[in-house]
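Read the structure below first, then the notes.
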Protein chains: 2
Amino acid sequence: MKYNQVTIKDIARELGISPSTVSRALKDHPDISPQTKKAVNELAEKLNYQPNIVALSLRQSKTNTLGVIIPELVHFFFSTVISGIEDVAYSAGYNVIITQSNESLQREKTDIKALFNSRVDGMLISVSRETSSFEHIESILAKGVPMVFFDRVYENANSSTVIVDDLSGAKEATQHLIDQGCTRIAHLEGPPNLGITKQRLEGYVQALNENKMPVQKELIVSCPLGTIEEGKIAAEQLLKMPNRPDAIFATNDPAAMGAMQAIKEAGLKIPQDIAVVGFSNWFFSSLLEPPLTSVDQPGFEMGQEAAKLLIRQIEFKSKDNEDPAPETKVLKTRLIVRDSSLKKGKPKK
Amino acid sequence: MKYNQVTIKDIARELGISPSTVSRALKDHPDISPQTKKAVNELAEKLNYQPNIVALSLRQSKTNTLGVIIPELVHFFFSTVISGIEDVAYSAGYNVIITQSNESLQREKTDIKALFNSRVDGMLISVSRETSSFEHIESILAKGVPMVFFDRVYENANSSTVIVDDLSGAKEATQHLIDQGCTRIAHLEGPPNLGITKQRLEGYVQALNENKMPVQKELIVSCPLGTIEEGKIAAEQLLKMPNRPDAIFATNDPAAMGAMQAIKEAGLKIPQDIAVVGFSNWFFSSLLEPPLTSVDQPGFEMGQEAAKLLIRQIEFKSKDNEDPAPETKVLKTRLIVRDSSLKKGKPKK
DNA sequence: GTGAAAGCGCTAACAC
DNA sequence: GTGTTAGCGCTTTCAC
C-alpha cells in the first residue's frame with residue numbers, strides 16, 4: 001500500500017539535482033546556494049512534500065516519540081496528566097504515544113513491549129494497580145530506555161519520578177477535619193501495594209498523633225478497588241459501629257462518593273453528622289463540581305514535570321554516555337474546601 | 001542514541017547464518033529447516049530479540065498504526081470512544097496514536113499533518129468545534145489516506161462515517177418530556193456549524209410537531225460553547241420570561257448542569273417546576289451519576305465501529321486498487337431516565 | 001534449504 | 001556548492 005507520497009527523490013529528479021542537495025536545502029544547510037534553496041523549497045511547497053518520519057527515525061535511530069503508559073484514560077486526573085505531557089513534548093519536538101494498561105499487569109507488559117518495539121525514545125509510566133513485580137520494567141530499563149515514573153511509581157528503579165506529596169495532603173485533610181471539631185475520623189484505605197496508599201495512611205496517622213488523638217484500628221477500612229460500591233460497603237460497616245465515626249477521610253473520590261451514598265441512605269446528614277473528604281486521584285471532570293471537599297492533585301503539572309525530566313534524560317544520553325542522576329519531583333496538593341462537606345457550627349479547636 | 005537493541009544481524013552472526021535466513025525462520029517460513037528454526041527462535045528468546053517496527057514500517061510502507069484526532073480527551077464520551085478504537089485496533093494488529101485538537105482548528109491542522117508525517121495507515125477523525133472549512137482534510141484525503149469520521153463528521157467527504165442517531169435521540173427525549181406533561185419545552189442549542197446541533201434541534205422540532213405543539217422561537221437559545229456557565233446564563237434568560245418554560249432539553253450535559261444551577265438559584269424545583277434533560281455528548285464519568293435524565297451516547301461501540309470501517313478500508317486498499325464504497329453507520333442512543341429530573345404526578349398525556 | 005543483493009526514504013561522511 | 005556512497009533494520013526476489 002503506497003499512497004501518493006512525495007519524496008526527496010521526486011524533488012531531486014524534477015530539479016535535476018541530487019537527493020542529498022535537496023535534503024540539505026530543506027534543512028537550510030549553509031553550504032547550499034540561495035537559488036537552489038529557493039527552487040527546492042518552492043517545489044516542495046508546490047508538491048506539498050511532507051518528510052517521512054519513519055525513514056528519519058530509522059536513519060537516526062531516534063523516533064522523537066515518548067511512550068506513555070497509564071492505568072486508565074477515563075479518569076480526569078490521568079487525562080490531565082496527558083495534556084501536561086503533550087504540552088511539553090510538542091514544544092520540544094516530540095510526539096506522544098499513549099497506551100492504557102486498564103489496571104492490568106498483563107496489559108502493562110504488552111504495552112511496554114509494544115512501546116519498545118516502536119522504539120520510543122523514552123517512556124513515562126504510571127503502574128497499574130496490579131503491578132507488584134517489576135521484571136517487565138527492568139528488562140526494558142536494562143536495554144537502556146530512559147523511563148520516568150509518575151504518580152504510581154516504581155520506587156526501586158534508578159529512574160526519575162514525579163509524585164504528589166500525598167503524605168502532606170492527607171495530613172492537611174485530616175487536620176482540616178480535626179479543626180472542624182471531628183474526633184472520630186475514619187480512613188478508607190487504598191490498594192495495599194501502592195506507595196500512595198501508605199503515604200495517605202501515614203499522613204492521616206501523623207495528623208492524629210500531632211493532635212494527641214488515638215489511632216483506632218477499627219476506624220481504618222481497606223478499599224483496594226477504587227469503586228463507589230466499595231466505599232459504600234466500607235462506610236456501611238463503619239456506620240454500624242456502636243460508637244460511629246463523625247468524619248471519613250477517603251483515599252480516593254469514588255470511595256468518598258460511596259461513603260456519602262451510604263451516609264445519606266442511613267438518614268444522616270453530611271457534614272453535620274459525618275463529614276467527608278476525598279482524595280482526587282480519581283477526580284471526575286473539570287466541568288463538574290463533586291459535592292465533597294477533597295485533596296486536589298495537580299495532574300497537568302505532573303505531566304509537564306515528568307515529560308521535562310524524561311526529555312532531559314533522553315537528550316543528555318544522546319550527547320554524553322553517562323546517565324544523568326535520577327531526580328524526584330514532589331508536587332504539592334491543594335485542599336479544596338466545599339462547605340457542603342464541612343461540619344458547621346463546631347468551634348475551631 | 002542507540003540502545004542495546006538486538007537485531008536480526010546479531011542473531012545471524014552468532015549462529016553463522018545469514019540475516020535473511022533468520023528473518024524467514026522467525027516468521028516460520030516453510031522453506032527453513034526445523035533445526036534452523038529451533039536454533040533461531042531459541043537464541044531470539046535468549047537475547048530477548050524484539051523486532052524493530054520502524055524498520056518494518058519503512059520496508060513495507062505500512063506502519064500498522066491508526067491515527068486518531070479527537071477534540072478533547074477529558075470528556076468521558078471521547079475517552080470511551082478511544083477504548084473502543086483500541087479494542088478493535090489491537091486485536092487486528094494495529095497500534096493507535098491519539099492526538100487532541102483541543103477544539104482548535106489550528107491544532108487540528110497540525111495534528112493531521114503530524115499523523116500524515118508519521119505515515120499512519122489511516123485516520124479516525126472527530127472534527128473540532130471550530131472546523132467549518134475542510135481543505136486541510138481534503139489535502140490529506142487527496143494523498144489517498146483512508147479516513148473515517150465519527151460523531152462530529154465531515155459530511156461532504158467521500159469517506160465512511162459513524163454517527164449517533166441524534167435526531168431520534170432528541171425526539172425521544174422531547175417526547176419523554178411531553179409524556180410527563182410538559183407543555184412549554186425550551187431547547188438549549190449547540191454550536192451552529194456542527195451537524196449534531198441541527199439534528200438535535202430537528203428531533204426536538206419533530207417531537208413538538210407530532211404532538212401538535214407549537215415551536216416557539218423564544219424557547220430556543222443558543223449555547224455554542226458547551227460550558228456550564230453558558231447553560232446557566234441561557235436558563236436565566238429563559239426564567240425571566242413572563243411565561244417561563246416548564247422543561248429544558250439541553251443540547252449537552254454541561255448546558256443542562258448550568259441550567260439546573262440557574263433553576264435552583266431561582267428557588268425553583270427540578271423536576272416539579274422545570275424538568276431538565278441533557279444530551280450526554282459530554283457525559284462525565286462512569287463513576288458518577290449526574291443528577292439529570294439524559295440521552296446516552298454509545299462511545300465504546302462508536303469507537304469499535306469506526307475502527308472496523310477504517311481497517312476494512314485499509315486492508316481493502318492494500319489488496320485491490322479500488323476504494324470500497326463509503327459507509328455510514330448510525331448508532332442508537334439510549335434515554336437514561338433518573339427520577340430526579342422528571343415531573344412527577346402529572347398524568348401521561 | 002540458504003545466501004546475496006536490492007531497496008523502503010532519508011542523512012551524513014567523504015569526495016571533488 | 002554539489003554529487004556519491006553507505007547504511008539505519010528489515011524483507012523479498014532471485015540465485016544456487
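In what follows, chains carry the letters A, B, and so on, assigned in the order in which the sequence lines appear, proteins first and then strands, with residues in each chain numbered from 1.
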- Compare the minimum distances between each of D/dT4, C/dG3, C/dG9 and the side chain of B/Ser18, then state the nucleotide with the smallest one. C/dG3
- Tell me which nucleotide among C/dG9, C/dA12, C/dG1 gets nearest to the side chain of A/Lys27. C/dA12
- Item | Minimum heavy-atom distance between A/Gln100 and B/Ser83, given as atom pair plus value | NE2-OG, 3.5 Å
Whole-Å distance between [N] [atom2] and [X] [atom1]?
X: A/Arg13; N: D/dT2; atom1: CZ; atom2: P; result: 19 Å
X: B/Arg24; N: C/dA5; atom1: CZ; atom2: P; result: 14 Å
X: B/Lys9; N: D/dC10; atom1: NZ; atom2: P; result: 9 Å

- Item | DNA chain D contacts made by residues 32-57 of chain B, counting heavy atoms under 4.0 Å | B/Tyr49, B/Pro51, B/Asn52, B/Ala55
- Lys/Arg-Asp/Glu bridge criterion (N-O < 4.0 Å) met for A/Lys46, A/Glu42: no
- Query: Salt-bridged, B/Glu103 to B/Arg152, with N to O below 4.0 Å?
  - Reply: yes
- Nearest-0.5 Å distance, CZ of residue B/Phe300 to OG1 of residue B/Thr80: 9.0 Å
- Query: Reckon B/Ser20 touches a base, only the sugar-phosphate, or nothing at all at heavy-atom distances under 4.0 Å?
  - Reply: base
- For B/Leu58, report the nucleic acid contact type (base, sugar-phosphate, nothing); a contact means any heavy atom under 4.0 Å. base
